[in-house]
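Treat the numbers as computed from the prediction; the structure is a model and nothing was measured. Below, chains carry the letters A, B, ... as their sequence lines are ordered, and counting in each starts from 1. Note that these values count all heavy atoms, side chains included, but never hydrogens, waters or copies made by symmetry.
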Amino acid sequence: MNNDNHTNHTAPVLQVDSLNVYYGSFQAVKNVSFEVRPGEIFGLLGPNGAGKTSTLSAVEGLLKPQSGNIHVAGYSIREQPLYARANMGVQLQATSFQPELTITEIIQLYAGIYGVDLSKEQVASILANIKLQDSANKKYGQLSGGQQQRISLVIATIHDPQLVLLDEPTTGLDPQSRRQLWVRIEAMRDKGHGILLTTHSMEEAESVCDRIAIIDHGKIIATDTPQSIIDSHRDLPAVIQASRKGKITLEDVFIGLTGTEVRS
Amino acid sequence: MKLLRADMTTLWRNRRASLLVVLVPTVILIAWKNIVAWKGGPFVIANCVTVGLTAIGLMGYSNTLARDRDKGIFQRLRVAPAPKWTIMTSRLTVQLFLILITTAVLFIVGYNFDGIKLDARGYIFGLLISIVCGALYLSLGQVIVGLIKNVETVNVVTRLVYFIFIMVGMFGELGMLGDVMKQGVHWSPYGTVKNIVSAAVVPATWNKDSSMALLVTLGYTLVFTILGIKWFRWSTR
């Protein structure tokens, strides 16, 4: 599926322009634009119902936006969806693999769908790399949450995509698994993958993201590096009020910008 | 092919559930041994094949579809470069394979336990027509999954519809529920399928009524397929 004409390592791997998503008369995403560059971890942060999932779903091609353009590695998600999908790897929080299949079978299935031919030795090597070599014949449904996340991440990158989408990848993981996952995500960035990550963890965003966008009520209200966002908002009264430890953190800025009200 | 192999593996790993689908018509077939002399072998085998097809479409297909949709398995496949039609075609191919297996098992059990002997044309025609008729129940299962999002509700509704179909169908066909019901059942999805299968296993008995039943079956299938595709959502969220 890769086409060399579209491969330009300086161009963004994901370009979202003026995206608008409606559910009936409710506008979930309002004129959202951003880009993810190669070798960059871009965090999309926002409270529940802010428009993160709708934006991500539009990028994945699961939802048709009413207007706007999305290009993955130069391919329009609307006009060339299969090419766009072939150039992205996805780890979705609310999805699963067939619980009856072994993890070896799942890896072979998805490798096949992405047009990657893997030998048994290569599958064994992949599993050894994520420390699941002893679970090769275990069914997916028998794995722990952390092990399932590792498989999910491996499958998201099995075809060496230019863009990797990670939807709250560390939710439900213990601190060890979470740290391990961060290391893996950073390794993907070092290999040149562009990564779009959604998370509710400000600690995670501050630690691993090169740039972040804060989205609220369907609109992007801030985009920059985590430190720049902190620096440019640290004097806002709402941010100072949100600060609990004297030192202004990304979480304080996030709450200062999006409010203290709990969203459903 | 990888997707089809994965779906076949899933079917094999769930073989206990598939066995139950085959077991019910098999038990009826054995229990109806005495009816063979009264109503004839083709009548009995056709009723049992119809019950089997109903079970596959309503109990097997619709429940796995609802479960996999709820777990997000379809959404995971959809974000990969797998066209939607390949995902569904693979699923349906597996069900058609199960239909062939079920029909073949019933032919074998019918021969060995009830002494129902058909000629070679009857067996071949019966197998082929079971696929055509099975499509009706698969499309009906699709409609149910299109209408209902909740997995448990799909499970309950399909069991209920299955029970009503086989009870009203079998007893209605035998005339135990009155003449009006007998006529109604005759043109219901149960009756038309039973009628076609009954004629298919003895091709010499295929007549105008069988052709009309085939047309009605194809009509039901077309309508259910259109509604099933229209109402089906890949995600429950």
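Atom CZ of B:F232 has more than 12 neighbouring heavy atoms from other residues, nucleotides or ligands inside a 6.0 Å radius. More than 12 heavy atoms of other residues, nucleotides or ligands sit less than 6.0 Å from atom OH of B:Y123. The environment of CG in A:D117 is sparse: at most 12 heavy-atom neighbours from other residues, nucleotides or ligands sit within 6.0 Å.
In this structure, the side chains of A:L82 and B:P83 come closer than 4.5 Å at one or more pairs of heavy atoms. Using a 4.5 Å heavy-atom cutoff, the side chains of A:Y110 and B:L77 are in contact.
Contacts between A:T102 and chain B at a heavy-atom distance below 4.5 Å involve backbone atoms as well as side-chain atoms. Residue contact with chain A, scored on non-hydrogen atoms closer than 4.5 Å, is absent for B:R5.
How far CG of A:L101 is from OG1 of B:T9: 6.0 Å, rounded to the nearest 0.5 Å. A distance of 7.5 Å separates CD of A:Q98 from CG of B:L3, quoted to the nearest 0.5 Å. To the nearest 0.5 Å, the span separating OH on A:Y140 from CD1 on B:I73 amounts to 9.5 Å. To the nearest 0.5 angstrom, B:D7 atom CG is 8.0 Å from A:L109 atom CG.
Under a 3.5 Å cut-off, the side chain of B:R13 and the backbone N or O of A:K139 do not form any donor-acceptor pair.
Electrostatic pairing of B:R16 and A:E100 does not count as a salt bridge here, judged by no charged N lying under 4.0 Å from a carboxylate O.
Comparing A:E60, A:M88, A:E105 by how many heavy-atom pairs each has under 4.5 Å with chain B, the most go to A:E105.
Taking both residues in full, the closest heavy atoms of B:P81 and A:A86 are given as CG-CA, 4.0 Å, listed atom of the first, atom of the second, then distance. Scanning all heavy atoms of the two residues, the minimum distance from A:S96 to B:R76 falls at O-CB, 3.6 Å.
Near-neighbour residues of residues 47-64 of chain B relative to chain A, defined by a heavy atom under 4.5 Å from a heavy atom of that chain, are none.
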